[in-house]
Each structure stands twice: as C-alpha cells, then as structure tokens.
Amino acid sequence: MKDQQRIKNVHRILGIDPGLAFTGFGIVDSVDNRIKLVTYGVIETSSKDSHSNRLTKIYDDLSAIIDKFKPNEAGMETLFFAKNAVSAMGVAEARGVVTLCLAKHGILCGEYTPNQIKQSVTGTAAADKKLVEKCVKILLGLEKEPKPDHASDALAGAITHLNFSSVLRRL
C-alpha cells in the first residue's frame, strides 16, 4: 500500500531549452518534496541537414523521450530576443515544434522568463550561467555540473516548473 501511495506522489517534469542546433532536455522527479534527477541530454541537429529535417528530428527525438520517460508536465524558457534575429528565428521555430510535440502528447507546459528561472534556481535573477549550473548540481545532488549548458538550462527549467507548480498545488 505504501508503494502505491509513493507512486502517486511522484511528479515528473520535463524541462526544455529549445534551439535549432541543440535542444536541451532534462527530466526530474519530485518525490515527497525531494527533487531527483531522472535523465538529461541534448537533441543535436546538423547544419548540413535541411531545415525541415532538423525540425523533424527535434520533434521525433522529443517524442521518443516523452514516450520513454512519460513526464506529467513540462517547463520551458520563454523566447528571449537577442541581437541576432537569424538565430532567434531558429529558436522560435524549434520552440514551436517543441510546443506542438508537448501538445500532441497532452503535456501541460509552463513558460518562464530567463529571470524567473535564474531566480528560482539560484535565488537571484542576476545569476550567470555558471551559477545556474552550480545550483542545478547542488539541487540535484550531482557530483559535477550537467553538461552541455543546454541540458543544464533544461534542468533549471524543470526545477523552476516544479517550484511554480508546487506553489499552485498548495493554493
């Protein structure tokens, strides 16, 4: 009976850092108010492939990850427009593919600004990437920072969603 109860208390979150060349993903479980790493990595596409094939690869690989790990919800960073409009367009398209994939799998996705993610994981919105990586390592009880940084950013998105969604569940 306790095992069944414990299974009901598991909340699995998929974090995603969308990008055309690298889409980071990270999956964490919340069990009895503790965060546990499940897996992380990147979906990598080649600039030598056609644009449509790159987007299809992101969709197909993410679908396989969802099918294998069965997350309940997802967290993803909102689109941040930097000076490079060309790369921002690729990120926007990858983000659209990710959003479609999540919707097709019936997964609710929370969206968070870069500052919300930094604040949630490190305690300050002024954190740099190195501090985010260090805090992700600490929060997940890892021996070293998750690499590459796209995967670490995805894990930070998952942790942020878990933090925000647990607050909403208590209301």
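Numbers here are sequence positions counted from 1.
- Checked by atom type and distance alone, the side chain of Thr45 pairs as donor or acceptor with a backbone atom of Leu20 at under 3.5 Å.
- Applying the ring-ring contact (aromatic ring centres under 6.0 Å, His included) test to residues at least two apart or on different chains, the pairs with a partner in residues 96-117 are Tyr112-His161, Tyr112-Phe164.
- Distance CG/Leu102 to OG/Ser63: 9.0 Å, rounded to 0.5 Å.
- For Ala154, the side-chain contact (heavy atoms from CB on, under 4.5 Å) test picks out Asp17, with sequence neighbours left out.
- At distances below 3.5 Å, at least one donor-acceptor pair connects side-chain atoms of Thr160 with backbone N or O atoms of Ala156.
- With Arg12 contributing its side chain and Glu73 its backbone, the two residues share no donor-acceptor pair below 3.5 Å.
- Residue pairs meeting the side-chain hydrogen bond (donor to acceptor under 3.5 Å, both in side chains) criterion with at least one partner in residues 134-148, sequence neighbours excluded, are Glu133-Lys147.
- Taking each heavy atom of Val42 and Pro148 in turn, the nearest pair found is CG1-CG, 3.5 Å.
- Using a 4.5 Å cut-off on side-chain heavy atoms (C-beta onward), Ile27 and Tyr40 make no contact.
- Other cluster members for Leu131: none, since no ILVMFWY side-chain heavy atom sits under 4.5 Å from it.
- Closest of all the heavy-atom pairs between Lys36 and Leu140 is C-CD2, 4.4 Å.
- Ion pairing between Asp128 and Lys118 fails under the 4.0 Å rule for side-chain N and carboxylate O.
- Counting only residues at least two apart or on different chains, the salt bridge (charged side-chain N to carboxylate O under 4.0 Å, His left out) pairs with a member in residues 88-97 are Arg95-Glu111.
- Listed by chain and number, the residues in a salt bridge (Lys or Arg N to Asp or Glu O under 4.0 Å) with Asp149 amount to none (sequence neighbours excluded).
- A donor-acceptor contact shorter than 3.5 Å is absent between the side chain of Lys104 and the backbone of Cys101.
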Subject >> Intermediate values then yes/no, side chain to side chain contact (heavy atoms under 4.5 Å, CB included), Val132 and Ile117 >> reply: CA-CA 9 Å; Val132 170; Ile117 292 173; 5.5 Å; no
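- Between Phe69 and Leu14 the shortest side-chain heavy-atom distance does not fall below 4.5 Å.
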